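In listed order, ligands and their atoms are each counted from 1. Just so we're clear, the structure is a prediction, and the values are computed from it rather than from any experiment.
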Amino acid sequence: MAKTKTMFVCQECGSQSPRWVGKCPNCNAWNSYVEEIQHATPASDKLRISLASANSASPVLLKDVSVIDHDRLMTKLDEFDRVMGGGIVPGSVTLIGGDPGIGKSTIVMQAGCALAAQGLKVLYVSGEESITQAKMRATRVAKSANDQFYIVNEIDVQTIVDNVHKLSPDIVIIDSIQVVHLAELSSSPGSVAQVRESAAVLTNLAKARGCALFLVGHVTKEGMLAGPRVLEHMVDTVLYFEGERYSSYRVLRANKNRFGSTNEIGVFEMTADGLQQVLNPSEIFLAERPLHSSGSVVVPILEGTRPLLVEIQGLVSRSAFGMVRQKAQGFDANRLALLVAVLEKRLNLNIGDKDIFLNVVGGVKVIDPAADLAVALAIASALLDKEVSAETIVLGEVGLAAEVRSVAQLSQRLNEAQKLGFKKAIVPKNNMKNTNGIKLTSLSIIPVANLREALDKL
Ligand code: TYD
Ligand code: MG
């Protein structure tokens, strides 16, 4: 039988110590020691294990592997199911991260109740709230009676594992991973070691039993608690729940998904009866957008790997003192000067002697070159006092010859725009050579080769 012991390991250089050390004597790194469970397996045991698993682990031909298409569990909360990649895969592990108070407990409770109402057995492990508190929440958010919803107030991982074996639930929810702890480790709940090791035990359990596991995790800006970041590589799906503190709208995003795409978002509104799905999210993101006003253009930019629709506003006015001003907020001023020069020189627009102001709405900073065309068109639209239709998005990089160059990851951007209800997209012609992965239902595409063409098409 394998013995386990705990050790402190330096995360920088890998040195070990039986006790915690503040400064690594080997690499001099501060505060780098993290507790780990080590399985002391004698050499003979190792051999036996490799022999025992020989059958199952021998290589097979990929073409011979039969794929059982799992019946996904649907919560019928469409926004949630879609972000999950079309339902919950049995045996999968999902991490739901987000700031405290954003609604993580609420969403897992709602999803759990919805599944329990279909007769699936759900075990909700509440480590932060008492059973009565959870009951109060459940009565607020769940419409249907849930006969199969079990709840336990427990933070000891071993007891949780025993409960899962006893109950054999279809879905296990751990709320939250930061409060549970393994008795073997001496570090306190929420520490990197506890979070990682507890998650490892629970993940193995879920895989072995084939039940879907949800882990709730807080991320704090100060990084006070070991955030869910350490877990991202261990789990199958990572969802982030985001929202402004003073807004009731919440966005659920998949950051990683082994069973689906990551460019889906789910939008919810926090109400007195829990989270309600928002089926028309474009209204929120571009809520205060002036309709029928010139100088306003929407572009889907990529922030990291995520598409995000932002509104770009341009204003052109007569210069008062013979000294022209060009001011940009959220956009590179040099890039703006370049685009203004292109508009002036190549399109013969008379803006060289005018003041130009550019604003990216919502405090977003745009570095993505795909926003060039939107910026140029916002200025042109403001100058000519011609509005750009509110249902149009514009994207493309603009070169010095006023040509419109292709952009990266067009499909992601278009999907997001389509999701948010846009009807027309002005895109670079060169992007149309490869239209793989673009699934359009309600968005019509207008390819353009240069700035003049784009202006004509509007
Ligand atoms: P909660 O799910 O507890 O957040 P987390 O688990 O991410 O910390 O929800 C937090 C907030 O949501 C709380 O401040 C109250 C609010 N809320 C509602 O407005 N309506 C509701 O029906 C529920 C359950 C919560
Ligand atoms: Mg909570």
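- Relative orientation of the Phe241 and Phe268 rings is perpendicular, given thresholds of 30° and 60° on the angle between their planes.
- Heavy-atom contacts from other residues, nucleotides or ligands closer than 6.0 Å to CZ of Arg82 number more than 12.
- Electrostatic pairing of Arg413 and Asp368 counts as a salt bridge here, judged by a charged N lying under 4.0 Å from a carboxylate O.
- Here Arg253 pairs with Glu242 in a salt bridge; the nearest charged N to carboxylate O distance falls below 4.0 Å.
- Taking a cutoff of 4.0 Å between a charged side-chain nitrogen and a carboxylate oxygen, Lys207 and Asp236 qualify as a salt bridge.
- Under 4.0 Å is where a charged nitrogen must lie from a carboxylate oxygen, and between Asp372 and Arg335 at least one such pair does.
- Distance check for Ser105 against the Mg ion (ligand 2): an N/O/S atom falls below 2.8 Å.
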Quick one: ligand 1 N/O to protein N/O pairs below 3.5 Å?
unit_1   : atom_1 : unit_2 : atom_2 : d
ligand 1 : 2 (O)  : Ser105 : N      : 3.3
ligand 1 : 2 (O)  : Thr106 : N      : 2.8
ligand 1 : 2 (O)  : Thr106 : OG1    : 2.5
ligand 1 : 2 (O)  : Arg137 : NH1    : 3.1
ligand 1 : 3 (O)  : Arg137 : NH1    : 3.2
ligand 1 : 3 (O)  : Arg137 : NH2    : 3.1
ligand 1 : 4 (O)  : Gly103 : N      : 3.1
ligand 1 : 6 (O)  : Ser105 : N      : 2.9
ligand 1 : 6 (O)  : Ser105 : OG     : 2.6
ligand 1 : 7 (O)  : Ile102 : N      : 3.4
ligand 1 : 7 (O)  : Gly103 : N      : 3.0
ligand 1 : 7 (O)  : Lys104 : N      : 2.7
ligand 1 : 7 (O)  : Lys104 : NZ     : 2.8
ligand 1 : 8 (O)  : Gly101 : N      : 2.8
ligand 1 : 20 (N) : Arg140 : NH2    : 3.2
ligand 1 : 20 (N) : Thr271 : O      : 2.7
ligand 1 : 22 (O) : Arg140 : NH2    : 3.3
ligand 1 : 22 (O) : Thr271 : O      : 3.4
ligand 1 : 22 (O) : Ala272 : O      : 3.2
ligand 1 : 22 (O) : Gly274 : N      : 2.7

